[in-house]
Amino acid sequence: MASPLLANLNPEQLAAVTLPHESALILAGAGSGKTRVLTTRIAWLLATGQASPLSILAVTFTNKAAKEMMTRLSLMTPIHTRGMWIGTFHGLCNRLLRTHHREANLPQLFQILDTQDQLALIKRMYKTHNIDEERFPPRQLQHFIAGAKEEGLRPNAVEADDPLSRRQVEHYALYEAMCQREGAVDFAELLLRSYEMLLGHEGLREHYQRRFSHILVDEFQDTNILQYKWLRQLTGTHTAVFAVGDDDQSIYAFRGANVANMQHFERDFSRPEVPVQLVKLEQNYRSHGHILDAANALIKHNLTRLGKNLWTSEAKGEPVRAFAAPSDLDEAAFVVDVVKGLASDGVTLSEVAVLYRSNAQSRVLEHALFNAAVPYRVYGGMRFFERAEIKHALAYLRLLAAPDDDGALLRIVNFPPRGIGARTLESLQDMARATDSALWPAACSGAAGGKAGACLAIFVRMIEAMRAATAGLPLPEAVEHVITASGLLAHYRNEKDGQDRVDNLEELVNAADSFLREADLPVDIPVDVPRADPALSETGGAAPAAAVRDPVSVLTAFLSHAALEAGDTQAAEGRPALQLMTVHSAKGLEFHSVFVTGLEEGLFPHENSLSEHGGVEEERRLMYVALTRARRRLYLTNAQSRMLHGQVRYNVPSRFITELPADLVQWLAPKRHRFGAAIDVDASEWGRSRAPLAPRAGASSPVRAQDGPEWRIGQSVRHTRFGLGIIIDAEGRGADARVQVNFREAGVKWLALEYAKLAAA
DNA sequence: AAATGTGGAATTTTT
DNA sequence: TTCCACATTT
């Protein structure tokens, strides 16, 4: 059909979009129009009448990706995107479990534990069971549980050969029991529960298999074993799974992502006579040629690949530029200078990104940018719904919605402080244990005497007053009431640095308001229930509206929303700002210019990765992701010395620089004048140079000539003829002692300490 | 119950 | 170095 939908697609994209009703694996390279193909595929299925909105399920990893898909889709098709299941794995599982909570053996108003809540629950469990936090660090158990669940394993299925694992499995079982008792579901449990529910309920499974004739998966290389099994459960005999991914961008193995899913896909999703189709998208629409050449050359060093080579019809463009800074401070100064140059060339700051391997590296960069008055934005850190004050407010709301929520009660029973100390809590917990009840009923019983009992009674009265006052109130007003009546607002107003927290609490009211307005897409509200099973009779059109009107459902939906979508790190500010982030968080983004900093052995590739299975290859993929973020300009920097954990470390340049073809890389030499003094510096002032020599790793012990002063690698020195430089290597002792100095002007030289007149600089 | 001190760890992250 | 969690003090 002559649809504008398909206009401007290249042959491979077109092939992918218009594939017949069969499962397919789309190998989509960086910048190859992956999201476009995914959304166009859906629009095409709808436009050609091959699918109705109800028969489409599209799943992503992040809310951002789901939203983008939704937005782009509604621009492409006149058909209402409502009724389509587009969301994150967790969001869709939440929807399934709310709808079929009985089959899943969950209360309808089950609460979702985020990572913090989960850890708190584990600690609480340790207390009640007298488990030693020293011997079994709570975080370790958390990791253990998440790992097991991500492989689809319940405690009885986990293999435990050593005593430690056996204990962990026991703790895992205790944890499960506690979650079940409290109606709490952690992130991995959302997946596992809905997987098991589909597995155990044939009618339900068949219903959804019949319903979803098309399942589309984004970032398939990031799926874990459980997500893969989940997809298989939903795949019936006439379900076509359209999986889009790039094995070269698989950088999340550490959180369970299993690239092997891509290899197994063909085997597991082929049907007799209906093999899985494979389409490669290799044309890149993002980067200039040199950048792409560098990325291709780098990733060729990986041996375990499905095989793919990006190409572009764009010009070769500028060379990749590299700069070896003497120190992390100099590296930051370089970035500042070049960024200023780019800005004066008219590049918007928000189109420039500075990437690093680990968050700790942002500090030095931020410092330099701050002093140079370059506006910047750092990604990562605390998200809105993770902040303590927000969690406190939500805990009050949780307690209103579910009085038996011990976690919520413990969080706020004495916050703001109201005289309920550890002793009071101890007796409260004893009372609860004695009557086998939750903490709230125990507190209500008034059994505690004395001052403790009085304080508890005041707390109980306050919560009950709150519950009465908020009953029937619209969500935003209920939130407003709670933050005031709880004393949270007053508490933070009295705190000297509390203004931000007050602002956040007020923002929570807005968040509730926009949630109400935007949640017309009934994400958490039961909409469709299979007709097949009489126990799950179709609720019809009236039920969702009723569900929406039920304040407890709305509140639960809001709380789920808070857990599943933690919100932004910080509000986007008005003026354009330089983007600072880890390479991981840059995945999926693109910029005019990109700096990849800290390219040093030990940092990138990270030293911890060297001992991990396939660790270096994953680091290399990470570098590949970093390189392919750049459209026009790419700068690679390393520092010969760097302050790390309070100690100066001397690192050799990353192998990832060396692995790039030398003719693609232009090395820049330090500028010929003082750092930071120039105002309007042009990037071109950084001259060419040959590849710098690197200091030998680990050779940092001091050297000295006979009776002379002591010198160290990394030290700045001045020579009467050669000027300023940095000691990058040393050998010999006494009369034979020599140091290698990288001079700013004169290049790298070996000097005998006996004769050279070196002075500290 | 708040305030101050101390020890230990310090990739990467979404849900 | 710096941040955090936890312990001790006041």
Side-chain angles (χ1 to χ4, degrees), chain A residues 59-66 87-94 112-120 123 133-134 137-139 143 146 149-150 185-192 218-219 222-224 226-227 250-257 328 355-364 367 379-383 385-386 388 414-425 455 491 494-495 560-569 581-588 598 602-612 615 618-619 621-623 625-626 642-649:
Chain A
V59 60
T60 64
F61 276 87
T62 64
N63 293 296
K64 197 175 153 206
T88 62
F89 277 101
H90 296 84
L92 296 175
C93 287
N94 180 43
I112 299 172
L113 302 180
D114 69 12
T115 320
Q116 284 180 44
D117 301 330
Q118 185 187 27
L119 191 66
K123 287 182 179 168
E133 286 205 17
E134 303 278 292
R139 281 180 191 285
H143 184 251
K149 289 189 179 181
E150 276 160 11
V185 171
D186 64 44
F187 287 134
E189 185 73 20
L190 285 169
L191 261 302
L192 184 51
D218 190 21
E219 306 279 15
D222 288 340
T223 49
N224 62 35
L226 179 56
Q227 286 157 340
S250 165
I251 55 173
Y252 284 116
F254 70 90
R255 67 175 199 213
D328 47 353
L355 310 184
Y356 34 81
R357 176 64 179 82
S358 60
N359 288 304
Q361 290 165 249
S362 75
R363 174 177 295 292
V364 177
H367 185 77
Y379 281 73
M382 199 52 99
R383 322 273 289 290
F385 285 109
E386 292 168 354
N414 195 37
F415 195 92
R418 46 177 75 92
I420 299 175
R423 235 184 44 242
T424 309
L425 278 181
C455 290
H491 173 81
N494 286 334
E495 224 173 41
S560 306
H561 166 80
L564 291 177
E565 192 162 355
D568 285 330
T569 307
M581 64 188 85
T582 63
V583 182
H584 280 94
S585 30
K587 189 173 159 222
L603 248 190
F604 196 3
H606 196 276
E607 54 198 352
N608 295 1
S609 74
L610 303 179
S611 55
E612 292 165 5
E618 173 129 333
E619 295 285 304
R621 290 192 291 271
L622 194 55
M623 179 67 172
V625 167
R642 171 182 302 279
M643 185 68 98
L644 198 66
H645 305 331
Q647 283 190 322
V648 182
R649 303 218 339 196

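Order of the sequence lines fixes the chain letters, A, B, ..., with proteins taken first and strands second; residue numbering starts at 1 for each chain.
Heavy-atom distances to DNA chain B give each of A/T115 and A/N414 a nearest nucleotide, and the one nearer the 5′ end belongs to A/N414. Both A/A563 and A/I420 sit near DNA chain B, but only A/I420 has its closest nucleotide nearer the 5' end.
A straight line from CZ of A/R255 to P of B/dT13 spans 9 Å, rounded to a whole angstrom. Rounded to whole angstrom, the span from the CD atom of A/E612 across to the P atom of B/dT12 amounts to 13 Å. Rounded to an integer number of Å, the gap from OH of A/Y252 to C1' of B/dT11 is 12 Å. Rounded to whole Å, the distance from CG on A/N359 to C1' on B/dT13 is 10 Å. In this structure, A/H491 places its NE2 atom 12 Å from C1' of B/dA1, rounding to the nearest Å.
A salt bridge is defined here as a Lys NZ or Arg NE, NH1 or NH2 lying under 4.0 Å from an Asp or Glu carboxylate O, and A/E607 with A/R649 meets this definition. Between A/R255 and A/D222, none of the side-chain N atoms (NZ, or NE/NH1/NH2) sits under 4.0 Å from a carboxylate O, so this pair counts as no salt bridge. Salt-bridge annotation for A/E619 and A/R357: present, with a side-chain N of the basic residue lying under 4.0 Å from a carboxylate O of the acidic one. Ion pairing of A/K149 with A/E189 is present here, as a side-chain N (NZ or NE/NH1/NH2) and a carboxylate O approach within less than 4.0 Å.
By the criterion of a centre-to-centre distance under 5.5 Å and near-parallel planes under 30°, the ring of A/F89 forms no stack with the base of B/dT15.
Not a single donor-acceptor contact under 3.5 angstrom links the side-chain atoms of A/T582 to the base of B/dT11.
The aromatic rings of A/H584 and A/Y252 are tilted relative to each other, their planes meeting at an angle between 30° and 60°.
In this entry the base of B/dT11 is syn relative to its sugar, with a glycosidic angle within 90° of 0.
The listed nucleotides are B/dT11, B/dT15, B/dT13; the one nearest the side chain of A/E619 is B/dT11.
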B/S/- contact track for nucleotides 1-8 of chain C, protein heavy atom under 4.0 Å = BSS--S--
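Taking the P atom of each, B/dT12 and C/dA5 are spaced 16 Å apart, rounded to whole Å. For the C1' atom pair drawn from C/dC3 and B/dT14, the interatomic distance equals 23 Å after rounding to whole Å.
Between A/N63 and the phosphate of B/dT15, there is a side-chain N or O to OP1/OP2 separation shorter than 4.0 Å.
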